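In this text, all values refer to a predicted model and were calculated from it rather than measured experimentally. Just so you know, residue 1 is the first one in the sequence shown, and it goes up from there. Both ligands and their constituent atoms are indexed starting at 1 by order of listing.
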Amino acid sequence: MPSYHDVLWDTYRKLKDTDVSDEAVQILMLELCNMSHNDLFLNYDKEMPEELQKKFDEGVQRLLHNEPLQYILGYQWFYGYKIKVNEEVLIPRYETEELVANVLADSDYYFPDKDVIDIADVGTGSGAIALALKMEEPKFRMCATDISETALTVAEENARDLGVEVAFYQGDMLQPLIDKGIKLDILVSNPPYIPREQEIQKSVDEYEPHVALFGGDDGLKFYRRIFQNAHKVIKDKSFLAFEIGYDEKDAIIEEVKRYFPEDRYEVLKDINKKDRMLFIYHGI
Ligand code: GLN
């Protein structure tokens, strides 16, 4: 029977000339075996149980078919929370954790005295943003929308697993909020923003839901739709927080000026120094 070490290094060798990274292979092993790096190091020369080996080999085959590691494992860590994912939902990205962090900071800054803060995550997908925010800030009265029924099933399951209360509404962008007469202190969204013709990584294109990725010809279709109707769902003193594509800053600022001529806005960079977040401050 081969050891953990043998299995791992055999796989590295076999995959040397493929697109699959050693890192993905190692994470697959750690997560399937429920081990930390340290556990793996201590058990390196021990036999790897046959059952685990089989699962690992199956996972490696799926990686070879460009399937994202997170779909193989069935989850992604986001803001320290384990979020279930499948092909019905976009895999939460690390960049998006920064959106969550900034919303929390701004919420503290602008609404320090409020006991209840009304907030919505528009196009929630797996629910990652809504759930992380609600876990971090119990004062949030959180609701979340998505057009995809199957995505909401995943989001609801994640909410149950984390034991938090989020009201999920099926519908197109702001429509469910408008229908219900909901008024928000904070509107958050990471809408689909990739321009239709833009080339994207094979694994993303082949496996992730296109409805969560593509934002029309220039990528800005869904921001425009939100901007157009935002006044129906935001309070007089409120802010809006968006993730944006790294090359969309100038075009999106034009839209902000058009729809929110009186309001202050700010574009923030992510940790990779790419323009990534847009905040619009309405009446505050
Ligand atoms: N950041 C994602 C990607 O580049 C896109 C997410 C989105 O469109 N909101 O794959």
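- Residue contact check: N190 has heavy atoms under 4.0 Å from atoms 7 (C), 9 (N) of ligand 1.
- The protein non-hydrogen atom at the shortest distance from atom 8 (O) of ligand 1 is Y193 N, 3.0 Å.
- Within the set I194, I244, I91, the minimum heavy-atom distance to atom 4 (O) of ligand 1 is found for I194.
- Residue contact check: P191 has heavy atoms under 4.0 Å from atoms 7 (C), 8 (O), 9 (N) of ligand 1.
- Remark: aromatic rings of F279 and Y265 are distant, center separation not under 6.0 Å.
- Salt-bridge check for D205 with K202: failed, with every basic side-chain N at 4.0 Å or more from each acidic carboxylate O.
- Which parts of ligand 1 touch A212 is read off a 4.0 Å heavy-atom cut-off, strictly below it: atoms 7 (C), 8 (O).
- Near L213, the atoms of ligand 1 lying under 4.0 angstrom from a non-hydrogen atom of the residue are 8 (O).
- Geometrically, R264 engages Y281 in a cation-pi contact defined by less than 6.0 Å to the ring centre and at most 45° from the axis.
- Looking at R93 and E208, a side-chain N of the basic residue comes within less than 4.0 Å of a carboxylate O on the acidic one, giving a salt bridge.
- Checked against Y75 for a side chain to side chain donor-acceptor pair (under 3.5 Å), the options K84, Q70, E31 give a single hit: E31.
- Ring pair Y223/F242 is perpendicular by interplanar angle, where above 60° counts as perpendicular and below 30° as parallel.
- If you check which protein heavy atom lies closest to atom 3 (C) of ligand 1, you get R93 NH2, 3.6 Å.
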